[in-house]
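One-based numbering, in listed order, for ligands and for the atoms of each.
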Amino acid sequence: MNKMKEKVKRMNPKKGFCNLILCAVVFCIIAGIGTAAKFGSRIPEMKQQIEAAEKTNEEIYQNTSEKERDREENRHEKEHEFEWNNIVTLTTSDYVFVGCVMAGFWIILCIYWLYTTAYVVSKSWEVGANAWIFGILALVTNLFGVAVLWIYIKMHLVCRECGMLQPRNANYCSICGSAIYIKCPDCGSRISIHDEYCNGCGRKMRS
Ligand SMILES: [Zn+2]
Ligand SMILES: [Zn+2]
C-alpha cells in the first residue's frame, strides 16, 4: 500500500495534467496538419466522387421506384449499396493514418482518465477521505467523481495544521489535536482559531 502511495504521489497529477494538455494540443496540431496534407488536396476530387455517386444513387432510386413500385425491399437494398467506402476511394496509407490518429486520441483519453483517478486518490489521501471509494468512483465516472470529492471536502472542515478533514462541528482536530474552534471569552460565540475578530461581539482575538 505504501509503495502504491509513493507511486501515485510521484505521478504528480497536477503537473501530469499540464503535460497531458500540452501533449493533446501538440497531437491536435500534428493530426490537423497531417489531415490537411493528406486529404486537403484530394477534397475537390472527393467532392466530385461524392456528387457522382449521389447522382447515380438518385438515378437508380428513380428507375427502381418506377419499374418496381411494389417492391420496396429491393429499393432499400439498392440504396444500401452506396456506403461511404464505395463513394470515396481510400488507400491503405489513408487507413493507417486514420488508425494512428484514432489510436493517439484513445491513448491521450486513457492517460487523462488515469490522471483524473490518480488526482482523486492522492487528494483523498491528503485529506484523509476514503481513497478506495472516491478512486473507484473517479475511475468509473471520471469528472463526476472529482465533483463528488470536491463537495465532500466542502462539507467538512479542513484542519489547517495537518490538512485532514474534520466534522463541521469539531472544536479540535481528531488527528493532530490542534484547536479549530474556540469560545470567545467575552460573548461565548464559537469562532475559528484563525479569526482576527469575534463575529459575535467584535472583540479583537489576536494582538
Ligand atoms: Zn489536524
Ligand atoms: Zn465575542
Worksheet item: Is any side-chain heavy atom of K38 less than 4.5 Å from a side-chain heavy atom of S93?
Response: yes

Item to complete: Sequence neighbours left out, what passes salt bridge (Lys or Arg N to Asp or Glu O under 4.0 Å) with E161? Give chain and number order.
Response: none

Worksheet item: Would you say R190's side chain and N169's backbone share a donor-acceptor pair under 3.5 angstrom?
Response: yes

Worksheet item: What is the number of protein N/O/S atoms located under 2.8 Å from the Zn ion (ligand 2)?
Response: 4

Which side-chain N or O atoms in residues 142-151 pair as donor and acceptor under 3.5 Å with protein atoms at least two apart or in another chain?
from: N142; atom 1: OD1; to: Y112; atom 2: OH; distance (Å): 2.7
from: N142; atom 1: ND2; to: T116; atom 2: OG1; distance (Å): 3.2

Worksheet item: Tally of protein N/O/S atoms under 2.8 Å from the Zn ion (ligand 1)?
Response: 4

Worksheet item: Taking the side chain from S189 and the backbone from I191, do they hold a donor-acceptor pair closer than 3.5 Å?
Response: no

Worksheet entry | Least distance between heavy atoms, R168 atom then Y181 atom | O-CE1, 4.3 Å

Worksheet item: Do other residues, nucleotides or ligands put more than 12 heavy atoms under 6.0 Å from Y119 OH?
Response: no

Discussion item. Quick check: closest heavy atoms across G188 and K183, and the distance to 0.1 Å?
Written reply: O-CG, 3.8 Å

Worksheet item: Below 4.0 angstrom, N of the basic side chain to O of the carboxylate: do K123 and E126 qualify?
Response: yes

